[in-house]
S.K.: 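Below are the structure tokens for one structure; questions will follow.
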Amino acid sequence: MNDVLSVLNGLQTVSVTDALWGDGGKGKIVDLFAPWADIIARGTGGDNAGHTVIKDGKAYALHLIPCGIFEDNEGKMNVIGRGVAVNPHTLAQELAMLRSHGRTYNNLRVSNNALLILPHEIALDLLEETSKQGVGSTRRGIGPVFTDQVARYGLTVNDLLNPDAFASNLKRSLEKCRRLFAGYDPERVKETLFHERLANGVYWKDGYFDIHAIIDMYLMYARDFAHLIDDTDKLMHEAYGKKRILLEGAQGLLLSVKYGTYPYVTSSDCSPEGLAAGVGFHKGMIDKNFSVVKFLPTRVGFGPFPTEIGGSASERWCNPRDSDPLTEPEEQEHFGDVSANDPNPLKQSYALRSLGREYGATTGRPRRIGWPDTVMLRYAVKIQGPDIIIMKPDPYGELDEVNICGGYDYCGQPYRIARRRIINNARIFNTDPNTMLLNQCKPTYMTRPGWKGSLNNITSFQDLPINLKIILNHIARMGNANLRLVSIGPKAEATLLVD
Ligand code: IMP
Ligand code: MG
């Protein structure tokens, strides 16, 4: 029997996070688990995230609103928690998109304590990312908004309910930031302020930001959701232990500011711990976390990715410094028809990206793609727990062989995250994914034959091709993980219980 929701038996509070660099398909799993839950809550990230959910044959791209919103008419509550960074324009747009499809959001609640992304924070992100200092961010203002929170001049969603407080807090924040803007060429600042994500210059006045324009625009956006702002921490605590709660992660553990490949990370803590804190809980309140693990991991932006197919050439290809990366159709035109088994790694990486449609939901950028990495998985299991869901082997039935990384070599020595300390001249510990070391690591692979075929219409784990089952079990065993579910397609039915 393929009763996938049986993995939730006996649980009350569950979280879904990504073990790697995000884009692993949390949205599908949250959507699948949503009928089980009474409350679906987000606690991390902002509109840098992107989930695509297929509902009644339509694809919905959500950036801020939890994927449980499609159960709103069933009376389920969806929460944007205190740990989320809210761009009010994005939220208003997302609500309009739902309305235009006849979808309701009566039970959506937005935390009064959620961070408010401001135009100067978006501008700073754009300015940094177009300089040599960028990490390849999504340019949504995420780094600056979390910086401003910690630096004590950020604003919260609650300010939108109090125009006077909003004006005085905004004034203070803008004054503090003025010094930062003074460090950039005024022409570039002006150009940046005319970016479409900054409402094409509406906020620009006399070389800096027009506070009145910001207030007017933000209060206008807020009209759509002011009635949804609430003390969500209180709502969550009241529900705890009585209702079934599903926490929806954003990004992935290796992009966590605390546990990821720092500094090539996002600015919130994407781990279950960060997710719990982002809804006003602590980690101990989560009964179980499920980590999604994408069969072929991907990464967007810069930063270490040891099993990347095509290595640094692929990293540069996907993140050109001086131009925009190619879009999906442009790449197709550039490469033409390429086999998934092409001996040239850069071409092979393109072929696999194309098969997996691995282009950013938020930015359209091509994602770097790599082989399964059980070193990173072991690390993730240590932090997030052993229950994993392997996602999306289905596009890769053409592969003759699959390389599974079981360890890394560093300067001729085995490098093992969470096991042995590295022996070398640098005084570095290898208990976390250290960027300096990872950049020098060479993965060692075990090669397994592919399964050569389609996974269409398979409805039970036992019916998967034997070669694929061997690979999946190998990944789970090497990762110290319990494989609970396998997803072999975007539809809910294409999820197999591992029994
Ligand atoms: P930021 O979150 O926009 O500051 O970007 C920081 C890093 O996180 C960059 O490498 C982004 O590509 C990456 N990132 C942020 N959000 C996502 C996501 O939803 N999926 C994958 N990568 C992301
Ligand atoms: Mg995504």
Side-chain angles (χ1 to χ4, degrees), residues 1-19 24-45 51 53 65-84 105-111 113-114 230-250 253 269-293 380-389 481-485 487 492 495 497-499:
M1 210 176 81
N2 193 42
D3 175 15
V4 294
L5 292 186
S6 67
V7 298
L8 301 168
N9 285 349
L11 304 174
Q12 194 80 21
T13 303
V14 164
S15 56
V16 179
T17 58
D18 186 302
K26 289 178 292 290
K28 171 186 160 165
I29 300 301
V30 171
D31 184 45
L32 183 73
F33 288 178
W36 165 88
D38 302 306
I39 298 181
I40 300 100
R42 266 192 63 181
T44 49
H51 289 320
V53 181
I65 298 176
C67 301
I69 199 65
F70 301 104
E71 307 275 323
D72 182 78
N73 53 356
E74 309 280 322
K76 310 219 162 176
M77 191 191 287
N78 280 269
V79 171
I80 296 178
R82 62 182 300 132
V84 177
Y105 48 83
N106 299 322
N107 302 298
L108 175 68
R109 295 291 177 272
V110 183
S111 170
N113 286 319
D230 208 333
D231 181 352
T232 61
D233 289 7
K234 181 160 170 274
L235 298 175
M236 295 296 289
H237 280 274
E238 280 168 0
Y240 183 76
K242 300 188 197 84
K243 302 242 162 115
R244 291 165 168 176
I245 297 176
L246 177 59
L247 304 183
E248 171 181 334
L253 184 72
D269 174 11
C270 319
S271 73
E273 174 190 338
L275 177 53
V279 300
F281 284 0
H282 62 79
K283 189 181 168 188
M285 294 167 81
I286 298 175
D287 297 329
K288 195 179 277 296
N289 179 70
F290 291 89
S291 299
V292 299
V293 179
V381 160
K382 203 179 60 156
I383 296 187
Q384 308 206 127
D387 295 272
I388 66 164
I389 304 175
N482 291 336
L483 179 58
R484 306 297 305 277
L485 299 172
S487 168
T495 318
L497 179 72
V498 182
D499 40 15

S.K.: Which is it for K243 and M77 under the side-chain contact (heavy atoms from CB on, under 4.5 Å) test, yes or no, and what are the steps along the way?
M.R.: CA-CA 11 Å; K243 302 242 162 115; M77 191 191 287; over 6 Å; no
S.K.: Check whether any side-chain N or O of R109 sits under 3.5 Å from a backbone N or O of S111 as a donor-acceptor pair, and report yes or no.
M.R.: no
S.K.: Looking only at non-hydrogen atoms, find the nearest pair between G81 and A114 and report the distance.
M.R.: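 Residues G81 and A114, closest heavy atoms: O-CB, 3.6 Å.
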S.K.: What distance separates M236 CE from I39 CD1, expressed to the nearest 0.5 Å?
M.R.: 5.5 Å
S.K.: For L235, does its backbone N or O pair with a side-chain atom of T232 as donor and acceptor, under 3.5 Å?
M.R.: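 Flag not set: sc T232 to bb L235 has no pair under 3.5 Å.
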S.K.: Do the side chains of I383 and L253 get nearer than 4.5 Å, heavy atoms only?
M.R.: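 They are in side-chain contact.
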S.K.: Kindly give the heavy-atom pair with the smallest separation between S15 and L275, and that separation in Å.
M.R.: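 Reported closest heavy-atom pair: CB-CD2, 3.8 Å.
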S.K.: State whether the side chain of D287 and the backbone N or O of Q12 hold a donor-acceptor pair below 3.5 Å, judged by distance alone.
M.R.: yes
S.K.: Any side-chain to backbone donor/acceptor pair from D387 onto F290? Under 3.5 Å, distance only.
M.R.: no
S.K.: Provide the closest heavy-atom pair for P66 versus L108 in the form atom of the first, atom of the second, distance.
M.R.: CD-CD1, 4.3 Å
S.K.: How many angstroms lie between atom CZ of F281 and atom CD of E273, to the nearest 0.5 angstrom?
M.R.: 15.5 Å
S.K.: What pairs meet the salt bridge (Lys or Arg N to Asp or Glu O under 4.0 Å) rule with one or both residues in residues 30-40, with sequence neighbours excluded?
M.R.: D31-K55
S.K.: Which heavy atom of E248 sits nearest a heavy atom of C67, and at what distance?
M.R.: OE1-N, 2.8 Å
S.K.: Tell me the closest heavy-atom pair linking V4 and L497, and the distance in Å.
M.R.: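 Closest approach of V4 to L497: CG1-N, 4.0 Å.
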S.K.: Please identify each residue that fulfils side chain to side chain contact (heavy atoms under 4.5 Å, CB included) with V498, with sequence neighbours left out.
M.R.: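 Side chain to side chain contact (heavy atoms under 4.5 Å, CB included) check on V498 returns F461, L483, V486.
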S.K.: Counting C-beta onward and ignoring hydrogens, is there a side-chain heavy-atom pair between W36 and V7 closer than 4.5 Å?
M.R.: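 Of all side-chain heavy-atom pairs linking V7 with W36, none is under 4.5 Å.
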S.K.: Got a donor-acceptor contact below 3.5 angstrom from the K76 side chain to the G68 backbone?
M.R.: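 Absent.
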S.K.: Run the side chain to side chain contact (heavy atoms under 4.5 Å, CB included) test against A277 and tell me which residues pass, sequence neighbours left out.
M.R.: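 Counting only residues at least two positions away or on another chain, A277 forms no side chain to side chain contact (heavy atoms under 4.5 Å, CB included).
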S.K.: Please round to the nearest 0.5 Å and tell me the distance separating atom CD of E71 and atom CG of N78.
M.R.: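 CG of N78 is found 8.5 Å from CD of E71.
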S.K.: Hey, are the side chains of T495 and K28 touching, using non-hydrogen atoms and a 4.5 Å cut-off?
M.R.: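 Touching, per the 4.5 Å side-chain cut-off.
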S.K.: Quick one: closest heavy-atom pair of A19 and Q384, and the distance?
M.R.: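 For A19 versus Q384, the nearest heavy atoms are CA-NE2, 3.6 Å.
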S.K.: As an exercise, state the distance from OG1 of T13 to CG of L246, rounded to the nearest 0.5 Å.
M.R.: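 Rounded to the nearest 0.5 Å, the OG1-CG separation comes to 10.0 Å.
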S.K.: Contact between N106 and D72 at the side-chain level, heavy atoms closer than 4.5 Å - yes or no?
M.R.: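 Yes, their side chains come closer than 4.5 Å.
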S.K.: Closer than 3.5 angstrom, by distance alone: can the side chain of D18 be matched with the main-chain N or O of G24 as a donor-acceptor pair?
M.R.: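 The answer is yes, because a donor-acceptor pair under 3.5 Å joins these two groups.
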S.K.: Rounded at 0.5 Å granularity, tell me how far CG in N107 sits from OH in Y105.
M.R.: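 Output value for this atom pair is 12.5 Å.
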S.K.: Measuring from I29:CD1 to R484:CZ, what's the distance to the nearest 0.5 Å?
M.R.: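 Here the interatomic distance stands at 12.5 Å.
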